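This report concerns only the one structure given below.
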Amino acid sequence: MTETAPEEKPVRRRERRSWLSAVPLLVIPLLAYVAFAGAGADFDIPRFSIPLPSGGVWQLGLGPILLAVALGFLFFELLKAARGGGASITENALSMMVFAACLILFLIWDKTATSTFFLLTLMSLVDVIVAFAVTVNAARREYGTRGPT
């Protein structure tokens with residue numbers, strides 16, 4: 001009789017990514033806010049007026065535009081966290097530093113004491129929580145441990 005060799009499992013190798021891919025995308029709206037606030041921009045002044053079919057006019061200020069951009073970046077950050085089955089420690093640490101910077105700026109700089117910046121801070125917190133949750137779940141799967149049943 002001939003024995004068949006057991007099938008070998010394919011080795012999963014992590015692709016090498018540049019260090020730039022570890023930088024959280026939410027740092028872009030944070031830096032934009034700081035730059036605009038430092039220059040004295042008012043985030044509530046309408047920048048664009050868009051007429052709607054209802055007859056109303058939608059007025060967009062710098063704050064909502066920045067929040068919309070940040071939401072787009074948050075979406076890609078969440079995809080990035082979910083894609084890899086767990087972010088690296090470096091990515092998690094950088095996300096945590098972005099959140100810490102947002103929180104410190106919100107508490108100590110009067111120009112960031114706005115709802116717009118608070119929501120940017122909240123988005124960076126969501127990024128941190130999701131990144132750690134994905135990492136923990138990936139580690140649980142990897143090592144075959146289960147949480148409480």
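Sequence positions, counted from 1, serve as the residue numbers for this chain. For clarity, every value in this text was computed on a predicted model and none was experimentally measured.
- The side-chain heavy atoms of L78 and F75, taken from C-beta on, include no pair separated by under 4.5 Å.
- The main-chain N or O of D127 is never found under 3.5 Å from a side-chain atom of E77 such that the two would form a donor-acceptor pair.
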(request) Show the numbers, then the answer: is there a side-chain contact (heavy atoms from CB on, under 4.5 Å) between L94 and V98? (result) CA-CA 6 Å; L94 290 173; V98 169; 5.7 Å; no
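- Scanning both residues, W109 and A37, for their nearest heavy atoms gives CH2-CB, 4.1 Å.
- For residues 31-53, the pairs satisfying ring pair (Phe, Tyr, Trp, His ring centres under 6.0 Å) are Y33-F43, Y33-F117, with sequence neighbours left out.
- No more than 12 heavy atoms of other residues, nucleotides or ligands lie within 6.0 Å of CH2 in W58, so this atom counts as exposed by the packing criterion.
- In the hydrophobic clustering (ILVMFWY side chains linked at under 4.5 Å, chained through shared members), V57 stands by itself.
- P46 has its side chain out of reach of L60: every pair of non-hydrogen atoms, C-beta onward, lies at least 4.5 Å apart.
- Separating the CZ atom in R47 from the CD atom in Q59 is a distance of 12.0 Å, to the nearest 0.5 Å.
- Here the side chains of L105 and V34 are in contact, with some heavy-atom distance below 4.5 Å.
- Closest heavy-atom contact between A70 and L26: O-CD2, 3.5 Å.
- We find the OG-CZ distance between S95 and F99 to be 11.5 Å, quoted to the nearest 0.5 Å.
- Note on L66: it clusters hydrophobically with F76, by side-chain heavy-atom contacts below 4.5 Å among ILVMFWY residues.
- Taking the side chain as every heavy atom from C-beta outward, I45 and D42 approach each other to under 4.5 Å.
- D44 CG to T116 OG1: the interatomic distance, rounded to the nearest 0.5 Å, is 6.5 Å.
- Contact detail for F73 and P29: the closest heavy-atom pair is CD1-CD, 3.6 Å.
- M96 CE to S124 OG: the interatomic distance, rounded to the nearest 0.5 Å, is 10.0 Å.
- Taking each heavy atom of T121 and F106 in turn, the nearest pair found is OG1-CB, 4.4 Å.
- In terms of heavy-atom proximity, L62 sits nearest to A41 at CD2-CB, 4.1 Å.
- Here the CG-CG distance, from L120 to L125, works out to 12.5 Å after rounding to the nearest 0.5 Å.
- A distance of 8.5 Å separates CG in L71 from CG in L119, rounded to the nearest 0.5 Å.
- Listed here is the closest heavy atom pair of S49 and P51: O-CD, 3.8 Å.
- In this structure, L67 is not a member of the same hydrophobic cluster as I50, with clusters built from ILVMFWY side-chain heavy atoms closer than 4.5 Å.
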